[in-house]
Structure formats: structure tokens, C-alpha cells
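Below are the C-alpha cells for one structure; questions will follow.
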Amino acid sequence: MNHLKTDTVNLHLGLEKPVRILQLTDVHISLADERDVKKPLLTTVKEPLEFAAKRRSVFFGQGRERDPIGYFQEAMEYSKEFDCTVITGDLIDFNSWANYDCVKEILAGKDYLFTPGSHEFCPNYFEAKARHMDAVQSIFRGNILFESRVVGGVNVVAMDNSYYMWTEEQMELMKTEIARGLPILLFCHVPIRGEYHPQGGGLQLSEDLLKLNIEFNQLLQDESLIKAVFCGHMHTAQHYLGSSPKPCYIMPSLFTGVVGEIVID
Ligand SMILES: [Fe+2]
Ligand SMILES: [Fe+2]
């Protein structure tokens, strides 16, 4: 018996056999220990232990039956019942040795796709992402910037937009996925909306990169093989079915005990 609740999405793509995907998002694990005091990864925080305790109180309590780590353990156990599991970021709340170890331990031997959230590389500055990239990548299986897998005739693509933007390399990789000709479900952390602006979180893009993002967002919206986009980041369920050409499903946070079950037939 687990404590999880589900938010279910049904998609009809005409598959011979139904495919079930589990989406987990926004766990916000907030741990720190003596290593984070001696050699802090998050240089903007002065008292890592106090900071971690304060952050834990944001994501636990309010009548919740388990803390975020407990829900995450249950969700990864539950993931064995699915054809594929995708984790769409903010798994950790901030960069710390204790958070890295916790995630590594729970994910050891598990199968999943992972794409980072706005908190895996906080604070959101390009310099911070570059600094934490190798360590964050080393925690997870697969390429955290772009990963794909065909499951029962559906191409599951997890693509990093943790800094509210895409890169040229991602656009080329997505074009290769589109060329495979299979229906695509896109998983990313930040919701994609019509007038998408990539300068979130204090990030300033060059003119070329801004142009590329506008072009790539248009491609994602226009491409008929991309059937739906699944995100997190907002912490509450919002299903934008008709707000843009592309159905967008924002899944609630796992720290509230909710997992996304996507059933495709
Ligand atoms: Fe989040
Ligand atoms: Fe986020």
C-alpha cells in the first residue's frame, strides 16, 4: 500500500497495445550535511544546514503523509509497473552533497529518463549551470540534456529546458527524432506556451540564441508528430489542452504525493 495519488492523462494515438508512462516531477529534496558546511556547492547560501531545514519545511507538513523523499521512494517502487518512467526535474531543491547522495541511492539500479528542472542548476545563471553540470550529470543515467526512447511505438523524448531555453544541439537532435516518423511525447521541465520567452530567471540570451529559441518553439508547436508536451515546474495540475496547437499537460509536484500516469492507446 503506498500513499501516492495519481493525475491521469489518456491519449489516443491508435496503438496496437496500450503504453503506460509514469511521470514524476518536482520532488524538491532538500538535504545538507557537514560536507555542505565544509565545501558548499551552493555558494550563495551562508548556513547550509539551516537553509536545508527551512526548505524542507516548505515541502513537508500541511497534512502530507510522507516527506518528499518518502514519496519519491514510493514512486520509484511504483515505476516498476510502468513501461517507462520520466522524471521532469526539480528532483533536488538545491545543489548539495547530501542531495546528490540521496538521489543516487534511490535511483541505483532503476530505469528512467531524466530531464533537469530550474532547481538542479540554481541559481539560474549560465555560470551556475556550467559549474554544476558534470556533478548533476553523474547522478543520472542517460544524457540529461536530451534523451529518447521508443516504447511500444511511441517515441518518448526528454529535453532539458531548465533555463527556459533550448540549444542548437537540441534542435538538431529533435529533428533527428522527428525523422524517425514515430509519434513523439515531449517531456521537459518548464511549460511551453504560445508566446514563449526564454529570458527567465535572470538569463540574458544573445540575439542568435533568442532567434533560435523562437524558431525551435515554432517547430515544436507546428510538428504534427509531436503529440503532447508534459511538464512540471508549476507544482499544480494544469492541462492546457486547447490553449496552443500542442496539448500541454503540467503535472502536479510529487512533494504533494501526486504522480502522473499517462496511458496511450
Ligand atoms: Fe519545482
Ligand atoms: Fe522549476
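Numbering of ligands and ligand atoms starts at 1, following listing order. Keep in mind the model is a prediction, meaning the values are calculated, not measured.
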The N/O/S atom of Asp90 lying closest to the Fe ion (ligand 2) is OD2

Is there a donor-acceptor pair under 3.5 Å between the side chain of Asp83 and the backbone N or O of Ile21?
-> no

- Task: Could you verify whether a donor N or O on one side chain and an acceptor N or O on the other, from Lys129 and Ser162, lie under 3.5 Å apart?
- Result: yes

Closest to the Fe ion (ligand 1), among the N/O/S atoms of His235, is atom NE2

The OD1(Asp26)-the Fe ion (ligand 1)-NE2(His28) angle, to 10°, is 110°

When you measure from the centre of the six-membered ring of Phe82, is the NZ or CZ of Arg20 under 6.0 Å away and within 45° of the axis?
yes

Please check if any side-chain donor atom of Thr25 sits under 3.5 Å from a side-chain acceptor atom of Gln23, or the reverse. no

Any N/O/S atom of His119 sitting less than 2.8 Å from the Fe ion (ligand 1), backbone or side chain? no

Check whether the side chains of Ser118 and His233 place a donor and an acceptor atom closer than 3.5 Å, and report yes or no.
-> yes

Restricting His233 to its N/O/S atoms, the closest one to the Fe ion (ligand 2) is ND1

In this structure, the Fe ion (ligand 2) sits at the vertex of an angle between OG of Ser118 and NE2 of His189 that rounds to 10° as 100°

